[in-house]
Amino acid sequence: MTLRTPGRHHRRHRDRSRSRRPAGPALLAVLAAGAVLLSGCSASDSGHDRSGGTSQEAGRGTRGGNPAPAPDRSAPATGDRADATGEGEDDGRRAATPPPDYLSTFALDVDTASWGYARRTLADGKLPDPATVRPEEFVNSFRQDYRQPDGNGFSVTVDGARTDAADWSLMRVGLATRTGSGQDGRPPAALTFVVDISGSMAEPGRLDLVRRSLDLMTDRLRGDDSVAIVAFSDEAETRLPMTRLGDNRERVHQVVDRLRPTDSTNVEAGVTRGYDTAVEGRRAGATNRVVLLSDALANTGATSADALLKRIEGARRDHGITLFGVGVGSDYNDSFMERLVDKGDGHTVYVSDEEEARRVFCDELPAQVELRARDAKAQVSFDPRNVERFRLIGYDNRRVADDSFRDDSVDGGEVGPGHTVTALYAVRLRPGASGHVATATVRWLDPEGRAPHEESGRVEASALTGGGWDQAAPRFQVTAAAAYLASSLRERGGGWEAVPGAVGLGRLSEITARLAERTEDPEVRQLSEAVRQARRLMG
């Protein structure tokens with residue numbers, strides 16, 4: 001999430017019809033969202049620390065003003081070239097004429113709502129709509145073991161393993177930032193909570209959970225933080241203008257306790273009033289954010305996201321106000337929420353239970369108040385002498401034009417402390433491949449001075465041709481298993497090519513059950529359970 005400098009023009013590239021950067025349950029999380037943002041849930045540290053263990057990085061590049069050069073596109077390749085065979089970068093939709101180069105570029109924003117909603121849907125005994133399955137969000141929902149950098153930039157880890165498909169390997173690109181300094185070291189926050197109180201929110205585990213979460217958040221925020229509350233159903237009303245907590249906590253509790261479900265869902269009215277309230281109460285030097293808590297099932301007013309995008313983008317551009325979306329409910333309009341949040345330069349999560357909400361509240365949100373990097377992008381350069389074909393798994397609406405990688409006027413993602421981003425590639429090596437396979441470079445702007453920096457990592461063919469993926473390090477196996485589950489759920493809708501080396505859900509269930517036992521990680525247990533449920537539902 002980002003605080004934009006007023007007046008700065010950002011060229012967004014979130015239109016899914018282009019190759020540029022697009023954009024890319026219980027509400028408790030939501031609240032958690034806000035709170036977490038600001039409050040420490042434990043005495044340890046405030047960041048979402050997804051690092052730990054040792055890095056499997058195969059090589060390092062240079063920092064700062066020495067960018068790793070992009071490959072020479074005119075260099076001849078041995079064997080069949082991608083531009084000669086029609087096999088270049090594949091976005092998973094069998095493009096008729098894939099690009100003839102060996103570069104892959106994307107922005108670092110990564111949501112996790114797709115995984116949360118799929119897990120909830122499977123637990124309810126149903127298969128998720130394939131259109132809501134975004135593999136990169138499955139992959140990025142699990143802890144990783146990437147080494148943290150020493151400074152305020154990124155570490156880059158590149159590793160891989162073979163698949164069961166001949167000549168195909170999986171390659172993981174992992175980026176990590178250093179954890180934060182704790183709640184006391186973060187800037188103050190000005191949060192406008194836009195709460196859906198429509199009739200659908202009367203379902204158990206929705207509005208009641210929201211109220212409990214807001215109460216918890218109110219007690220944990222700092223005294224110099226500010227909160228506003230907007231409630232909407234068929235109309236929107238500001239229940240609490242921007243108010244410093246200080247001695248006003250009891251006032252906030254009273255407003256929260258009076259939230260009750262009413263009529264239809266007019267998201268347009270809620271978002272419009274929420275942004276008006278946020279702009280009016282904006283605080284200089286604070287993290288100014290709108291937090292939308294809703295099932296996004298708009299049925300009154302403007303029911304298309306298009307009508308709201310201009311307002312959201314203007315507030316981000318002119319006032320530095322970003323949008324955080326928290327989805328809830330068994331019926332949830334994922335695509336609607338995603339479009340709103342993408343335009344608001346924010347992130348989405350989906351919360352289905354209190355455990356999930358607490359994770360968002362205590363771990364993920366604090367990493368989005370402070371900033372480690374602005375406009376962060378990644379570019380992976382493949383060596384045509386060793387690579388016949390490659391495919392980035394997911395990120396369909398987060399691609400950036402290759403020649404925009406070092407164009408700092410092109411918007412990227414905003415990354416906080418203790419944050420990790422994972423990109424998984426399927427790579428088909430040429431026969432007898434040896435030596436350099438790929439170089440991954442991340443570029444970002446310093447949050448204060450906006451000076452550009454870069455960091456790179458390399459991987460060799462030997463790292464991709466050793467043991468199979470199901471014998472790799474546990475966290476690599478989790479990454480691959482999440483991608484294979486997403487692939488199975490996504491390809492049901494057609495127009496999606498299975499990830500190379502995909503294994504059946506029976507074997508995947510055995511692998512994830514073993515991983516859950518080995519890692520003793522509750523999130524991996526959730527993955528194992530989701531695979532088991534998907535296997536049962538898909539026969």
Side-chain angles (χ1 to χ4, degrees), residues 1-2 14 21-24 47-53 55-57 61 104-115 134-149 152-160 170-180 341-342 345-349 360 363-368 370-380 392-400 405 411-425 438-445 447 453-457 459 475-476 478-480 482-483 486 523:
M1 314 241 177
T2 293
R14 300 184 182 271
R21 150 108 158 116
H48 185 180
D49 183 1
R50 291 190 168 188
S51 63
S55 169
Q56 300 181 47
E57 183 176 348
S104 172
T105 311
F106 58 95
L108 296 197
D109 288 356
V110 175
D111 302 326
T112 60
S114 177
W115 161 244
R134 293 182 292 276
E136 74 278 10
E137 297 188 23
F138 280 50
V139 164
N140 279 277
S141 294
F142 301 92
R143 290 190 303 108
Q144 295 293 351
D145 55 0
Y146 308 138
R147 180 188 59 82
Q148 289 189 9
N152 288 332
F154 288 85
S155 67
V156 182
T157 299
V158 191
D159 56 10
L170 294 177
M171 186 182 86
R172 181 178 63 162
V173 176
L175 310 172
T177 58
R178 185 169 54 86
T179 54
V341 172
D342 281 349
D345 204 20
H347 298 272
T348 61
V349 297
V360 172
D363 297 331
E364 297 177 3
L365 292 178
Q368 299 174 22
E370 267 184 86
L371 277 184
R372 286 281 186 256
R374 293 183 185 271
D375 293 327
K377 312 182 195 81
Q379 185 169 86
V380 181
L392 175 58
I393 308 304
Y395 287 91
D396 297 333
N397 65 344
R398 293 177 172 85
R399 308 295 172 93
V400 175
F405 177 60
D411 191 33
E414 279 57 55
V415 182
H419 193 77
T420 65
V421 178
T422 299
L424 190 67
Y425 287 85
T439 296
T441 302
V442 57
R443 180 180 177 88
W444 72 96
L445 303 182
H453 302 274
E454 293 190 7
E455 183 73 35
S456 296
V459 68
R475 291 296 165 183
F476 187 98
V478 170
T479 299
E523 295 177 357

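Only a predicted model underlies this, so the values are computations on that prediction, with no experimental measurement involved.
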Kindly determine whether His453 and Asn152 satisfy side-chain contact (heavy atoms from CB on, under 4.5 Å), including the steps that lead there.
CA-CA 10 Å; His453 302 274; Asn152 288 332; over 6 Å; no

Straight-line distance of [X] [atom1] to [Y] [atom2], nearest 0.5 Å:
{"X": "Gln148", "Y": "Arg178", "atom1": "CD", "atom2": "CZ", "answer": "8.0 Å"}
{"X": "Tyr425", "Y": "Leu170", "atom1": "OH", "atom2": "CG", "answer": "13.0 Å"}
{"X": "Phe142", "Y": "Thr420", "atom1": "CZ", "atom2": "OG1", "answer": "12.0 Å"}
{"X": "Arg475", "Y": "Thr422", "atom1": "CZ", "atom2": "OG1", "answer": "11.0 Å"}

Does the pair Asp145/Arg172 count as a salt bridge with the N-to-O cut at 4.0 Å?
yes

Looking at [Y], is its backbone amide N or carbonyl O close enough to the side chain of [X] to form a donor-acceptor pair, meaning the two atoms are under 3.5 Å apart?
{"X": "Glu137", "Y": "Ala113", "result": "yes"}
{"X": "Arg147", "Y": "Ser155", "result": "no"}
{"X": "Thr348", "Y": "Asp111", "result": "no"}
{"X": "Glu136", "Y": "Tyr395", "result": "yes"}

Which atoms form the tightest heavy-atom contact between [X] and [Y], and what is the distance?
{"X": "Pro417", "Y": "Thr179", "result": "CB-C, 3.6 Å"}
{"X": "Ala107", "Y": "Val400", "result": "N-CG2, 3.6 Å"}
{"X": "Ile393", "Y": "Pro135", "result": "CG2-CB, 3.9 Å"}
{"X": "Gly153", "Y": "Trp444", "result": "CA-CZ2, 3.3 Å"}
{"X": "Thr441", "Y": "Ser456", "result": "OG1-OG, 2.7 Å"}
{"X": "Thr177", "Y": "Pro149", "result": "C-CD, 3.7 Å"}

Identify, with sequence neighbours excluded, every residue that meets side-chain contact (heavy atoms from CB on, under 4.5 Å) alongside Ala378.
Phe106, Leu108, Leu175

Residue set satisfying side-chain contact (heavy atoms from CB on, under 4.5 Å) with Ala438, at least two apart, ordered chain then number -> Met171, Val380, Phe382, Val459

With no hydrogens and no angle check, just 3.5 Å: does a side-chain donor-acceptor pair link Ser141 and Glu523?
no

Would you please name every residue forming a side chain to side chain donor-acceptor pair (under 3.5 Å) with Ser114, sequence neighbours left out?
none

Answer yes or no: is there a side-chain heavy-atom contact under 4.5 Å between Phe154 and Val415?
yes

Would you call the rings of His419 and His347 parallel, tilted or perpendicular, taking 30° and 60° as the class edges?
tilted

